Participant: 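My questions will all concern the structure given below.
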Amino acid sequence: MPQARVFVTRRLPTELQRLQEIANVEVWMGREPPPYEVLLAKVREIDGLLCLLTDKIDRQLIEIGTSLKVISQMAVGYDNIDVPAATARQIPVGHTPGVLTDATADLTWALLMAAARRVVEGDRFTRAGEWRTWEPDLLLGPNVTSATLGIVGFGRIGQAIARRAKGFNMRILYTSRHRCDPELEQSLGVEFVKFESLLQESDFVTIHTPLSDDTYHLFGEPQFALMKPSAILINTARGAIVDSDALYQALSSGEIAGAAIDVTEPEPIPIDSPLLTLDNLIITPHIGSASRQTREKMANMAIDNLIAGLKGERLPYCVNPEVYDVVSG
Ligand code: NAP
Ligand code: GLV
């Protein structure tokens, strides 16, 4: 029986041996993602695709991949993949939930602390030789301890943020598609509120929803207008959840005090983006899950999903399990 053929769209931070034992594996060695045309050519001749969030896996690609049996993404978010198109072709799509929750919550917390306490500005100030003496009003920011935190999207990462906030004695508000059960609310010390109330009452607002038609530009002019002038926005979810032009206006006009974002629209952020001129904005290059241990676990989970798909077994972490519901005959 011919071996399965697999295309992996970047070098992974783990060994590929167990995948190579069952498949012919080609790895894209570029630092940047394979161009779309390369993906189009590869997908015609493979059984399994292991991709990243930087790869656009759209309907055209999925329909051309007539031998494709599984798509496995090394990320929890999968907004770059046309999942309905994959489902229509009975192709399971895998992702990597859970293993990156704490790493992403840690980075979110680092951004929140850095924005509040002006860590990046302080570093720039020091390197510029501007540190002359201790000054009573130098680089002042708001308290984090005992402030009000608003969490938008209360899934795995949103809840991990609540656990961190509890240690800072914060008042924790959340909004999500569904209210979680009262026992969990009580143990995390969180209050479910409407989106608008969360925006009005929070000192820090942090975004943890997936990117979808419902969350695209969830934050725009009207939302910034509701926020406190002292508020700080954190986004480690997806760039397109926030309207970048509206964010620039809100930050440059003082409608909100600051922001810290790990994700932008588009990625990478163009070097001439007006956002990069702002001192009250911190930007990191989409490194939410970037701890060594986490990335290795993500890669292994993506390989597990891929191998299961190639063997015709159920993916351990499948975003479209309905592909298994169809009764044959
Ligand atoms: P998750 O467990 O699925 O949590 C997402 C939460 O958002 C769920 O509670 C979901 O509600 C809620 N939600 C969905 N649509 C909503 C809407 N329109 N309004 C309000 N809430 C909504 O996902 P996760 O593991 O926490 O990850 C969240 C996202 O973070 C990922 O999708 C990814 O885009 C991003 N992420 C980024 C990084 C990074 O490197 N920066 C790393 C990891 C993840 P339901 O339960 O009702 O669906
Ligand atoms: C990273 O952004 C992920 O979705 O895993």
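Order of appearance sets the numbers: ligands from 1, and atoms from 1 within every ligand. The structure presented is a predicted model; accordingly, all values stated were derived computationally and were not measured.
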Participant: Let me know which of Gln73, Lys56, Arg238 forms a side chain to side chain donor-acceptor pair (under 3.5 Å) with Asn80.
Facilitator: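 Single side chain to side chain donor-acceptor pair (under 3.5 Å) partner of Asn80 among Gln73, Lys56, Arg238: Gln73.
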
Participant: Ignoring angles and geometry beyond distance, decide whether Gly288 reaches within less than 3.5 Å of ligand 1 through its nitrogen or oxygen atoms.
Facilitator: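 Indeed, backbone or side chain, Gly288 has an N or O that close.
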
Participant: Using distance alone, with no hydrogens and no angle criterion, decide if Tyr174 and Glu185 have a side-chain donor and acceptor under 3.5 Å apart.
Facilitator: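 Yes, Glu185 and Tyr174 have a side-chain donor paired with an acceptor closer than 3.5 Å.
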
Participant: Does any part of the side chain of Ile57, heavy atoms only, come nearer than 4.5 Å to the side chain of Tyr78, both counted from C-beta?
Facilitator: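 No, side chains not in contact.
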
Participant: Numbering the atoms of ligand 1 from 1, which are under 4.0 Å from a heavy atom of His286?
Facilitator: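 It comes down to these atoms of ligand 1: 39 (C), 40 (O), 41 (N).
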
Participant: Just need the protein heavy atom nearest to atom 14 (C) of ligand 1, so name the residue and atom and give the distance.
Facilitator: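 For this ligand atom, the closest protein heavy atom is Pro210 CD, 3.5 Å.
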
Participant: Counting each atom of ligand 2 from 1 as listed, which ones have a heavy atom of Leu100 under 4.0 Å away?
Facilitator: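 Going through ligand 2 atom by atom, the ones under 4.0 Å from Leu100 are 5 (O).
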
Participant: Please determine, by modelled atom types, if Thr108 and Thr236 share a side-chain donor-acceptor pair under 3.5 angstrom.
Facilitator: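 Yes.
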
Participant: Which residue and atom name correspond to the protein heavy atom nearest atom 27 (O) of ligand 1, and how close is it?
Facilitator: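 Checked against all protein heavy atoms, atom 27 (O) of ligand 1 sits closest to Ile157 CD1, 3.4 Å.
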
Participant: Considering heavy atoms of the protein only, find what lies nearest to atom 25 (O) of ligand 1 and give residue, atom and distance to 0.1 Å.
Facilitator: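 Result: Arg156 NE, 3.0 Å.
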
Participant: Yes or no: does His286 have any heavy atom under 4.0 Å from an atom of ligand 2?
Facilitator: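 True for this residue.
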
Participant: What residue and atom, counting heavy atoms only, is the protein's closest point to atom 21 (N) of ligand 1, and at what distance?
Facilitator: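 Here the nearest protein heavy atom works out to Arg177 N, 3.3 Å.
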
Participant: Quick test: of every protein heavy atom, which one is nearest to atom 42 (C) of ligand 1, and how far off is it to 0.1 Å?
Facilitator: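 Checked against all protein heavy atoms, atom 42 (C) of ligand 1 sits closest to Thr104 OG1, 3.2 Å.
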
Participant: Just which atoms of ligand 2 are under 4.0 Å from any heavy atom in Arg238?
Facilitator: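 Matching atoms, with element in brackets: 1 (C), 2 (O), 3 (C), 4 (O).
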
Participant: Record the part of His208 in heavy-atom contact with ligand 1 below 4.0 Å; permitted values are side chain, backbone, both and neither.
Facilitator: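 The answer is the backbone.
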
Participant: Got an N/O contact under 3.5 Å between Gly77 and ligand 2?
Facilitator: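 Looking only at distances, the answer is yes, because the N/O contact criterion of under 3.5 Å is met.
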
Participant: Measure Arg238 to ligand 1 on non-hydrogen atoms and call it side chain, backbone, both or neither using the 4.0 Å cut-off.
Facilitator: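 Side chain only.
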
Participant: Find out whether Val76 and Arg156 are in side-chain contact, i.e. whether some heavy atom of one side chain is under 4.5 Å from a heavy atom of the other.
Facilitator: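 Val76 vs Arg156: side chains touch.
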
Participant: Ring centres of Phe219 and Phe195 under 6.0 Å apart?
Facilitator: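 Between Phe195 and Phe219, which both carry aromatic rings, the centre distance is below 6.0 Å.
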
Participant: Under a plain distance cut-off of 3.5 Å, with no hydrogens placed, do Thr145 and Asn169 share a side-chain donor-acceptor pair?
Facilitator: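 No, no side-chain donor-acceptor pair sits under 3.5 Å.
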
Participant: Is there side-chain contact between Leu188 and Ile172, with at least one heavy-atom pair below 4.5 Å?
Facilitator: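 No, too far: nothing below the 4.5 Å cut-off.
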
Participant: Could you find the nearest protein heavy atom to atom 47 (O) of ligand 1 and give me its residue, atom name and distance?
Facilitator: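 Here the nearest protein heavy atom works out to His178 ND1, 2.5 Å.
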
Participant: Would you mind running through ligand 1 and noting each atom that sits below 4.0 Å from a heavy atom of Asp214?
Facilitator: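 In order of number, 18 (N).
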
Participant: Are a donor atom and an acceptor atom from the side chains of Tyr36 and Asp58 found within less than 3.5 Å of each other?
Facilitator: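 Their side chains do contain a donor-acceptor pair, which is all the 3.5 Å distance test asks for.
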
Participant: Do the non-hydrogen side-chain atoms of Cys318 and Asn305 ever get within less than 4.5 Å of each other?
Facilitator: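 Not touching, per the 4.5 Å side-chain cut-off.
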
Participant: Which of the listed options, Ala103, Ala237, Ala290, Gly155, holds the heavy atom that is closest to atom 9 (O) of ligand 1?
Facilitator: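 Result: the heavy atom closest to atom 9 (O) of ligand 1 is in Gly155.
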
Participant: May I ask you to test the Asp243-Glu221 pair for a side-chain heavy-atom distance under 4.5 Å?
Facilitator: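 No, every pair of side-chain atoms sits at 4.5 Å or beyond.
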
Participant: Using a heavy-atom cut-off of under 4.0 Å, does the side chain or the backbone of Thr209 touch ligand 1, or both, or neither?
Facilitator: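 For Thr209, backbone and side-chain atoms both sit under 4.0 Å from ligand 1.
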
Participant: Are Arg118 and Asp279 close enough for a salt bridge, meaning some N to O gap below 4.0 Å?
Facilitator: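 The answer is no: the pair does not qualify as a salt bridge.
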
Participant: So is Ser289 in contact with ligand 1, going by heavy-atom distances below 4.0 Å?
Facilitator: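 Yes, Ser289 has a heavy atom closer than 4.0 Å to ligand 1.
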
Participant: Does any N or O atom in Ser176 lie less than 3.5 angstrom from one in ligand 1, N or O only?
Facilitator: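 Right, the criterion is met.
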
Participant: Looking only at heavy atoms, is any part of Thr96 under 4.0 Å from ligand 2, and if so is it the side chain, the backbone, or both, or is it neither?
Facilitator: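 Near ligand 2, Thr96 shows nothing, with every heavy atom at 4.0 Å or more.
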
Participant: Looking at Lys297 and Asp304, is any side-chain nitrogen of the basic one under 4.0 Å from a carboxylate oxygen of the acidic one?
Facilitator: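 A salt bridge is absent here (no side-chain N lies under 4.0 Å from a carboxylate O).
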
Participant: Is ligand 1 less than 4.0 angstrom away from at least one heavy atom of Leu211?
Facilitator: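 In this structure, Leu211 fails to qualify as a contact of ligand 1 - no heavy atom is under 4.0 Å.
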
Participant: Any idea which protein heavy atom is nearest atom 44 (C) of ligand 1, and the distance to it?
Facilitator: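 For atom 44 (C) of ligand 1, the nearest protein heavy atom is Val76 CG1, 3.3 Å.
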
Participant: Contact between ligand 1 and Ser212 is defined here as a heavy atom of the residue under 4.0 Å from a ligand atom; is it met?
Facilitator: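 It does not; every heavy atom stays at 4.0 Å or beyond.
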
Participant: Does Asp262 have a non-hydrogen atom less than 4.0 Å from ligand 1?
Facilitator: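 Flag set, Asp262 near ligand 1.
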
Participant: Starting from atom 37 (C) of ligand 1, which protein heavy atom do you reach first, and at what distance in Å?
Facilitator: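 Result for atom 37 (C) of ligand 1: Thr236 O, 3.0 Å.
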
Participant: Looking only at side chains, do Ser289 and Arg295 share a donor and an acceptor under 3.5 Å apart?
Facilitator: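 There is such a pair between these side chains.
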
Participant: Any nitrogen or oxygen of Val76, side chain or backbone, less than 3.5 Å from one on ligand 2?
Facilitator: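 Yes, since at least one N or O of Val76 sits under 3.5 Å from an N or O of ligand 2.
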
Participant: Looking at every non-hydrogen atom in both residues, tell me the closest pair between Arg10 and Arg31 and how far apart they are.
Facilitator: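 Looking at all heavy atoms of both residues, the closest pair is NH1-O, 3.3 Å.
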
Participant: Measure Thr215 to ligand 1 on non-hydrogen atoms and call it side chain, backbone, both or neither using the 4.0 Å cut-off.
Facilitator: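 Under 4.0 Å from ligand 1, Thr215 contributes side-chain atoms alone.
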
Participant: For ligand 1, which atoms sit closer than 4.0 Å to a heavy atom of Gly153?
Facilitator: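 Those qualifying, in numeric order: 7 (O), 21 (N).
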
Participant: Checking Arg18 against Asn300: is there a side-chain donor and acceptor pair closer than 3.5 Å?
Facilitator: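 Indeed, the side chains of Asn300 and Arg18 share at least one donor-acceptor pair under 3.5 Å.
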
